[in-house]
Each structure stands twice: as C-alpha cells, then as structure tokens.
Amino acid sequence: MDLLRDLCRTIDNTLLRQDVSVVEVEEFVSRSVEARFRTVVVPPWMVAHAVSMTENSETGVSVVIGFPLGYHPLGVKLTEIDHYMEMGAGVTDFDVVLNLSALKSGMWDYVENEIKGLSDRLSDRVFKLIIETPLLSEDEIRKIGRICAGVDGLDYVKTSSGFCGSPTTEDQVRILAETMMGEKRIKVSGGVRSMADLERFVVVGGDVFGTSSGLSIIRETCPVL
Ligand SMILES: O=C[C@H](O)COP(=O)(O)O
C-alpha cells in the first residue's frame with residue numbers, strides 16, 4: 001500500500017477536456033483526493049472550485065497558463081498567473097506553456113527572458129514549464145534544456161500539454177534528462193496511459209507524471225480505488 005501511495009504522490013491527475021462538465025470535474029477531484037494524487041489539473045475556470053474541494057487534503061491544485069498553445073505575450077501569461085495567485089496558496093502549482101513560436105524562430109533570448117520573468121513571479125509556487133518535446137528536434141530539446149537548467153526558481157520541465165497531437169517519447173525524455181543533468185526535475189506528460197508507460201519513463205529520467213489516466217493507472221495495482 002505504501003508503494004501505491006508513493007506512486008500517487010508522483011501523479012498530477014489531469015482532466016482538461018474542452019467539453020468536460022462541472023459534475024465530471026467534481027467526481028474527478030473527489031476521487032483524486034481519495035487516491036491522494038500529487039495535484040489535480042482542471043480547466044482554469046474550475047480552479048477555484050478545485051481549491052475549495054482539496055482544502056485540508058494532501059492533493060494540491062495545478063493551474064495551466066498560456067494553455068495549450070503558449071504563444072501569448074509574456075504580459076498576458078503574467079496577468080493570468082496573478083489571477084490565480086489571488087486565490088491563495090491552494091493553487092499550488094503553475095504549469096506554463098512556453099512560447100514555441102519564439103523558440104522555433106530561434107529567438108532564444110526572448111525564450112530565456114520569458115522563463116526568467118515567469119520564474120520571478122512564481123518564486124513561492126511550484127513552477128513547471130511545458131516545452132512540448134514532441135514538436136522539438138533533438139538540438140532544440142538540448143538547447144531549451146540547457147536554458148532551463150540555468151533558471152533559478154524553475155522547478156520542473158514538463159514535456160507536453162497533451163494537446164500537441166503527438167505523445168512524449170522515451171528518447172525525448174532521455175535527451176532532456178541527459179542535458180539537464182539533474183539540475184531540474186522532469187514531469188512527463190502527453191500519452192502516459194498505463195503503469196508500463198510510467199515505468200518506462202521512470203527509467204529514462206521522469207520524476208513526476210501528468211496524465212488523464214491517473215485513476216486507471218492506479219487501478220491496475222489496486223482495483224478497489
Ligand atoms: O498535463 C497533462 C496532459 O494534459 C495529459 O495528457 P494526456 O491526456 O495525454 O494524459
């Protein structure tokens with residue numbers, strides 16, 4: 001049972017479908033709190049509700065920023081962040097999508113300044129940067145990995161929004177882990193569907209996992225949950 005508990009503490013259980021109803025989110029948050037998942041990730045307009053539902057539990061709330069495409073100006077992302085900061089410490093984690101358009105344009109200074117600007121604003125929260133590895137070349141993963149490794153206050157590099165059309169692969173995680181050499185933790189997300197997926201990503205360097213299959217993954221081990 002301890003192993004199962006440790007496993008749940010590595011999972012940000014995610015429900016971000018565009019057409020999800022309030023009732024579905026409520027059921028999802030209740031079950032996630034029972035399972036003691038690390039955090040729940042819900043549509044932004046229901047974050048305040050999730051915060052009230054997770055109060056006094058071991059489960060935090062992650063909010064997504066600039067989601068899912070990431071190409072909002074930095075000022076817009078910061079305004080979004082401030083909106084959730086006002087909800088208090090119950091919004092524990094911020095998962096922010098990087099500006100991939102700037103990255104693909106070779107605007108590495110812009111990219112680095114964006115990450116630093118976000119990190120300054122998120123100094124007292126868990127800051128995860130979504131870099132969308134399925135859309136990046138090996139060189140680009142290495143370059144963004146090196147930048148991320150050098151930014152104080154960035155807690156996790158997260159592989160994918162889960163909305164980019166392709167899953168995260170083991171190779172992408174391995175390259176990222178090699179490049180960052182333990183300087184930042186890695187949240188693997190986008191296509192993590194089973195315990196076997198989770199295990200293969202642990203082997204290549206995943207520390208925590210974002211998945212919309214959290215409950216079915218733990219039910220592989222404990223069917224009563
Ligand atoms: O952050 C997590 C992702 O949105 C989940 O992606 P997934 O639906 O592929 O599990």
Side-chain angles (χ1 to χ4, degrees), residues 10-12 14 16 38-39 41 62-74 77-78 81 92-123 125-193 197-211:
T10 69
I11 292 178
D12 288 339
T14 303
L16 290 170
R38 186 181 171 283
T39 71
V41 193
S62 295
V63 64
V64 290
I65 302 290
F67 199 85
L69 301 177
Y71 47 29
H72 317 63
L74 174 59
K77 292 178 180 174
L78 294 175
I81 288 170
T92 54
D93 294 38
F94 286 71
D95 292 23
V96 189
V97 187
L98 178 69
N99 189 328
L100 263 287
S101 176
L103 183 156
K104 288 286 180 180
S105 305
M107 297 170 65
W108 295 100
D109 287 347
Y110 180 99
V111 166
E112 186 167 355
N113 286 334
E114 176 178 276
I115 303 169
K116 286 181 174 163
L118 294 164
S119 158
D120 285 347
R121 195 65 64 97
L122 289 169
S123 55
R125 305 299 165 92
V126 177
F127 170 27
K128 309 189 198 95
L129 183 74
I130 303 172
I131 64 169
E132 220 69 282
T133 55
L135 301 184
L136 301 180
S137 68
E138 176 170 347
D139 277 358
E140 288 166 340
I141 294 175
R142 290 194 188 282
K143 200 154 183 176
I144 190 66
R146 279 194 292 275
I147 290 173
C148 288
V151 176
D152 290 339
L154 172 63
D155 298 293
Y156 290 87
V157 177
K158 173 174 170 180
T159 58
S160 177
S161 64
F163 283 76
C164 75
S166 310
T168 295
T169 67
E170 285 153 86
D171 266 352
Q172 292 158 12
V173 177
R174 187 181 299 113
I175 292 163
L176 190 59
E178 261 174 34
T179 305
M180 298 199 299
M181 294 189 297
E183 288 294 324
K184 300 293 171 195
R185 285 166 284 176
I186 297 177
K187 173 174 171 179
V188 180
S189 58
V192 180
R193 297 268 175 274
D197 285 339
L198 219 133
E199 283 166 1
R200 64 192 176 84
F201 283 121
V202 167
V203 169
V204 290
D207 296 293
V208 301
F209 304 91
T211 176

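- In this structure, the side chains of Tyr156 and Leu129 stay at 4.5 Å or more apart for every pair of heavy atoms.
- The nearest pair of heavy atoms linking Gly191 to Pro167 is CA-CB, 4.3 Å.
- Contact of the Leu16 side chain with the Val64 side chain is registered, since non-hydrogen atoms from C-beta on lie closer than 4.5 Å.
- When the side chain to side chain contact (heavy atoms under 4.5 Å, CB included) test is applied to Leu74, the partners found at least two apart in sequence or on another chain are Leu78, Glu114, Leu118.
- Under a 3.5 Å cut-off, the side chain of Lys143 and the backbone N or O of Trp108 do not form any donor-acceptor pair.
- Pairing each heavy atom of Lys128 with each of Ser62, the nearest pair is NZ-OG, 3.3 Å.
- Atom CD1 of Ile141 is separated from atom OG1 of Thr133 by 5.5 Å, given to the nearest 0.5 angstrom.
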Query raised in the report: How far apart are the C-alpha atoms of Leu198 and Phe201, what are their side-chain angles, what is the distance that settles it, and do they pass the side chain to side chain contact (heavy atoms under 4.5 Å, CB included) test?
Result: CA-CA 5 Å; Leu198 219 133; Phe201 283 121; over 6 Å; no
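- No side-chain heavy atom of Val126 sits under 4.5 Å from any side-chain heavy atom of Phe94.
- The two residues Tyr110 and Pro73 come nearest to each other via the heavy atoms OH-CA, 4.2 Å.
- The closest donor-acceptor contact from the side chain of Ser119 to the backbone of Ile115 lies at 3.5 Å or more, if one exists at all.
- Annotation: side chain of Leu176 is in contact with side chain of Ile131 (closest heavy-atom distance under 4.5 Å).
- Distance CD/Glu183 to CG/Asp152: 9.5 Å, rounded to 0.5 Å.
- Remark: of the listed residues Arg125, Arg38, Lys158, Arg38 is the sole one forming a salt bridge (Lys or Arg N to Asp or Glu O under 4.0 Å) with Asp93.
- Between Val188 and Val204 the shortest side-chain heavy-atom distance does not fall below 4.5 Å.
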Query - Residues Val157, Ile144; criterion side chain to side chain contact (heavy atoms under 4.5 Å, CB included); working and verdict - result: CA-CA 10 Å; Val157 177; Ile144 190 66; over 6 Å; no
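- Inter-residue side-chain proximity for Arg185 and Val208 is flagged as unmet; no heavy-atom pair is nearer than 4.5 Å.
- Side-chain atoms of Glu140 come within 3.5 Å of backbone N or O of Ser137 as a donor-acceptor pair.
- Here the side chain of Thr168 pairs a donor or acceptor atom with the backbone of Ser189 at under 3.5 angstrom.
- Atom CZ of Arg174 sits about 11.5 Å away from atom CD1 of Ile186, to the nearest 0.5 Å.
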Query raised in the report: Given Glu138 and Arg142, is the salt bridge (charged side-chain N to carboxylate O under 4.0 Å, His left out) satisfied, shown in steps?
Result: CA-CA 6 Å; Glu138 176 170 347; Arg142 290 194 188 282; 2.9 Å; yes
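- The side chain to side chain contact (heavy atoms under 4.5 Å, CB included) search around Thr92 returns Thr39, not counting sequence neighbours.
- No side-chain heavy atom of Ser160 sits under 4.5 Å from any side-chain heavy atom of Gln172.
- Residue Asp109 holds its CG atom at 6.5 Å from CG of Asn113, rounded to the nearest 0.5 Å.
- Rounded to the nearest 0.5 angstrom, Asp155 CG and Cys148 SG are separated by 11.5 Å.
- Screening Asp12, Thr159, Asp207 for a side-chain hydrogen bond (donor to acceptor under 3.5 Å, both in side chains) with Lys187, the sole residue that qualifies is Asp12.
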Query raised in the report: Given the rule in the side chain to side chain contact (heavy atoms under 4.5 Å, CB included) test, do Val202 and Phe209 qualify, once you have shown the distances and angles that lead to the verdict?
Result: CA-CA 9 Å; Val202 167; Phe209 304 91; 3.5 Å; yes
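- Between the Lys184 side chain and the Val151 main chain, a donor and an acceptor come within less than 3.5 Å of each other.
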Requested in this report: Just do the side chain to side chain contact (heavy atoms under 4.5 Å, CB included) check on Tyr71 and Val97 with the steps written out, would you?
Outcome: CA-CA 8 Å; Tyr71 47 29; Val97 187; over 6 Å; no
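- Judged purely by distance below 3.5 Å, without hydrogens or angles, the side chains of Ser161 and Glu132 pair a donor atom with an acceptor atom.
- Once rounded to the nearest 0.5 Å, the distance linking CG of Leu135 with OG of Ser166 reads 6.5 Å.
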